[in-house]
Amino acid sequence: MKKNIWILLLLLPIVFLSGCEKKQTKEDKLYKEYVSKAVQVKSSSALPFNVELKLEKSSEEEVSYTLIIDKPVSSIKDIKAVLVNTYSDKDAYPSIGIYDKTPSLIPNEYDESKNHMKGIILGGYLKYKEDIKDLKVTFKAVIDANVDGKDITYNYYKEYKTE
């Protein structure tokens with residue numbers, strides 16, 4: 001009888017631990033695919049919209065960055081994007097259209113109820129204590145969208161360094 005109790009006590013934690021595994025959602029899988037593609041980006045493609053990258057020292061230990069996508073030349077719908085950088089070694093990069101609704105950028109049209117936006121901002125923070133002038137980082141983005149009924153992938157690549 002004591003032997004059975006000991007076996008039960010040994011097996012019980014194993015059963016509980018095996019049930020604690022977090023299931024990966026389809027959004028998690030899609031996000032990882034986008035990050036993997038973005039890491040591979042080596043240059044920018046021709047972009048049918050304006051892209052502006054801004055960096056500024058937000059505190060003594062952080063630099064904030066924002067990538068602004070706006071002013072489309074044509075209708076760009078169902079946008080999914082992720083922005084990675086070569087400075088961070090974390091797996092938490094800004095994204096849009098993966099965990100939330102896919103926005104659209106349509107020239108001269110803004111209708112939040114239809115998710116037609118004026119622009120999109122992807123932003124984050126880098127742990128960096130030195131002067132921002134000494135920061136060397138590359139930003140890479142993959143932006144998927146539907147343009148004139150065609151699914152198109154755009155790449156964005158920008159090295160940030162001052163010398």
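A quick note: this is a predicted structure, and the numbers were derived from the prediction, not measured. As a basis for the values below, the full set of heavy atoms in this structure was taken, side chains included, without hydrogen atoms, waters or symmetry mates.
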key: Note, Tyr160 side chain near Ile132 side chain (heavy atom, < 4.5 Å)   =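 They are in side-chain contact.
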
Polar side-chain atom of [X] near backbone of [Y] as donor-acceptor pair, under 3.5 Å:
| X | Y | value |
| --- | --- | --- |
| Asp144 | Ile79 | no |
| Asp131 | Asp134 | no |
| Ser75 | Ile106 | no |
| Thr138 | Thr86 | no |
| Lys71 | Asn50 | no |

ask   = Please walk me through it: do Leu135 and Val63 pass side chain to side chain contact (heavy atoms under 4.5 Å, CB included)?
value = CA-CA 9 Å; Leu135 178 62; Val63 170; 4.3 Å; yes

query = Given the rule in the side chain to side chain contact (heavy atoms under 4.5 Å, CB included) test, do Ile120 and Ile68 qualify, once you have shown the distances and angles that lead to the verdict?
reply = CA-CA 6 Å; Ile120 296 168; Ile68 303 166; over 6 Å; no

Kindly compute the distance separating [atom1] ([X]) from [atom2] ([Y]), expressed to the nearest 0.5 Å.
| X | Y | atom1 | atom2 | value |
| --- | --- | --- | --- | --- |
| Glu130 | Glu61 | CD | CD | 11.0 Å |
| Thr153 | Lys80 | OG1 | NZ | 10.0 Å |
| Asn85 | Tyr93 | CG | OH | 5.5 Å |
| Ser95 | Tyr34 | OG | OH | 10.0 Å |
| Glu27 | Thr25 | CD | OG1 | 4.5 Å |
| Ile96 | Met117 | CD1 | CE | 7.5 Å |

ask   = Is NZ or CZ of Lys140 both nearer than 6.0 Å to the six-membered ring centre of Tyr157 and within 45° of the ring axis?
value =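 Not flagged: Lys140 not positioned over aromatic ring of Tyr157.
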
What closest approach, in Å, do [X] and [Y] show between heavy atoms, and which atom pair accounts for it?
| X | Y | value |
| --- | --- | --- |
| Ser58 | Ser64 | OG-N, 3.8 Å |
| Ile98 | Ala81 | CD1-O, 4.1 Å |
| Pro107 | Pro72 | CG-O, 3.5 Å |
| Ile76 | Ala145 | CG2-CB, 3.3 Å |
| Lys37 | Val142 | C-CG2, 3.7 Å |
| Asp70 | Gly119 | CB-CA, 3.9 Å |

message = Hydrogens and angles aside, do Asn146 and Asp78 bring a side-chain donor and acceptor to less than 3.5 Å of each other?
response =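 Judged by distance alone, the side chains do not pair up.
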
message = Is it true that, when you exclude Lys57 itself, more than 12 heavy atoms of the residues, nucleotides or ligands shown sit nearer than 6.0 Å to its NZ?
response =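 Yes.
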
message = If you count every heavy atom of other residues, nucleotides or ligands that lies below 6.0 Å from Lys158 atom NZ, does the total exceed 12?
response =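 At most 12 heavy atoms, drawn from other residues, nucleotides or ligands, come within 6.0 Å of this atom.
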
request  = Could you name each residue pair satisfying ring-ring contact (aromatic ring centres under 6.0 Å, His included) that touches residues 123-147, not counting sequence neighbours?
outcome  =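 Qualifying pairs: Tyr65-Phe139, Tyr87-Tyr128.
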
task = Decide whether Val51 and Val147 are clustered together by the hydrophobic rule: side chain heavy atoms of Ile, Leu, Val, Met, Phe, Trp, Tyr closer than 4.5 Å, transitively.
result =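 They do share one cluster, since a chain of ILVMFWY contacts under 4.5 Å joins Val51 to Val147.
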
task = Using salt bridge (charged side-chain N to carboxylate O under 4.0 Å, His left out) as the criterion, list what pairs up with Lys127, not counting sequence neighbours.
result =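 Checked Lys127 against salt bridge (charged side-chain N to carboxylate O under 4.0 Å, His left out); matches are Glu62.
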
request  = Mind checking ring-ring contact (aromatic ring centres under 6.0 Å, His included) for Phe49 and listing every partner two or more places apart, or none if nothing turns up?
outcome  =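 For Phe49, the residues satisfying ring-ring contact (aromatic ring centres under 6.0 Å, His included) (neighbours in sequence not counted) are Tyr154.
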
